[in-house]
Amino acid sequence: MITNRLELAGQVSRPPKTVTGINGIPHSYFLMEHRSMQKEAGLNRPVYCKIQVVLSGEGSQSLLRYLDPGSNIQVGGFLAWQQGRNGQSRLVLHADTIEPI
């Protein structure tokens with residue numbers, strides 16, 4: 001298997017919404033924002049990103065308790081390219097771990 005793993009700390013910027021897929025599996029999604037200073041070429045660089053996070057399956061629904069807007073969390077999972085119903089595509093983080101920080 002080829003590695004696809006991301007760990008990202010940030011803040012919940014939009015609370016989760018849950019929908020049930022065609023096969024009855026719940027999918028929850030929310031927006032997360034990350035802000036930090038990172039070293040690049042010996043210089044400090046301000047970093048900002050906003051990413052949609054997806055939680056799928058019954059077992060992952062217990063992770064929703066950490067997801068109030070403004071909550072600081074650390075998320076782990078894999079990245080995937082996802083096309084929305086409106087035809088727009090974006091990079092999405094499919095989470096398997098969420099912890100408060």
Side-chain angles (χ1 to χ4, degrees):
M1 178 173 15
I2 298 173
T3 302
N4 178 352
R5 182 80 187 161
L6 177 68
E7 298 284 333
L8 188 65
Q11 205 170 56
V12 176
S13 61
R14 191 178 305 156
K17 294 182 182 180
T18 302
V19 297
T20 302
I22 295 170
N23 50 9
I25 296 174
H27 302 282
S28 299
Y29 55 95
F30 66 95
L31 282 178
M32 175 180 172
E33 294 184 38
H34 168 86
R35 295 176 196 274
S36 65
M37 292 295 276
Q38 301 294 319
K39 282 270 194 206
E40 183 176 41
L43 302 172
N44 286 330
R45 176 181 181 195
V47 175
Y48 171 80
C49 68
K50 185 183 284 190
I51 190 165
Q52 181 169 311
V53 180
V54 176
L55 293 163
S56 296
E58 292 290 338
S60 66
Q61 298 305 296
S62 65
L63 300 173
L64 295 175
R65 67 183 178 270
Y66 300 124
L67 303 180
D68 294 326
S71 298
N72 293 310
I73 58 173
Q74 181 155 332
V75 178
F78 65 89
L79 294 173
W81 194 247
Q82 187 176 68
Q83 185 169 351
R85 291 183 191 135
N86 61 3
Q88 291 185 341
S89 297
R90 64 178 154 211
L91 196 59
V92 175
L93 174 54
H94 289 261
D96 54 27
T97 62
I98 298 177
E99 298 175 359
I101 53 174

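Sequential numbering from 1 along the given sequence is applied to the chain's residues.
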Straight-line distance of Asn44 CG to Lys39 NZ, nearest 0.5 Å: 4.5 Å
Does Asn4 reach the main-chain N or O of Leu79 with its side chain, forming a donor-acceptor pair under 3.5 Å? yes
With rounding to the nearest 0.5 angstrom, report the CD to CD distance, Gln82 to Gln88. 12.5 Å
Between atom CZ of Arg5 and atom CG of Leu93, what is the distance when rounded to the nearest 0.5 Å? 8.5 Å
Are any of the side-chain heavy atoms of Val53 and Leu8 separated by less than 4.5 Å? no
Quick check: do Leu91 and Trp81 have side-chain heavy atoms less than 4.5 Å from each other? yes
Do other residues, nucleotides or ligands put more than 12 heavy atoms under 6.0 Å from Glu7 CD? yes
Do Val75 and Ile51 make a side-chain contact, defined as non-hydrogen atoms from C-beta onward lying under 4.5 Å apart? no
Mind checking whether Ser28 and Leu64 have side chains closer than 4.5 Å, heavy atoms only? yes
In Å and rounded to the nearest 0.5 Å, what is the NZ to CZ distance from Lys50 to Arg90? 11.0 Å
Measure the OG1-CZ distance between Thr18 and Phe30 for me, rounded to the nearest 0.5 Å. 11.0 Å
Of all heavy-atom pairs linking Met32 and Ile73, the shortest is CE-O, 4.1 Å
Would you confirm whether Ser71, through its side chain, and Val12, through its main-chain N or O, come within 3.5 Å as a donor-acceptor pair? no
Around atom CZ of Arg45, are there more than 12 heavy atoms of other residues, nucleotides or ligands at under 6.0 Å? no
Of all heavy-atom pairs between Ala9 and Ile101, which one has the smallest distance, and what is that distance? CB-CD1, 3.9 Å
Heavy-atom pair with the smallest gap, counting every atom of Leu67 and Pro16: O-CD, 3.4 Å
Can you confirm whether Tyr48 sits close enough to Arg35 that some side-chain heavy atom of one is under 4.5 Å from a side-chain heavy atom of the other? yes
If I take atom NE2 from residue His34 and atom OG from residue Ser13, how far apart are they, to the nearest 0.5 angstrom? 13.5 Å
Quick one: does Gln11's side chain have a donor or acceptor within less than 3.5 Å of a partner on Gly70's backbone? yes
Looking only at heavy atoms, which two atoms of Met37 and Pro46 are closest? And how far apart? SD-CA, 3.4 Å
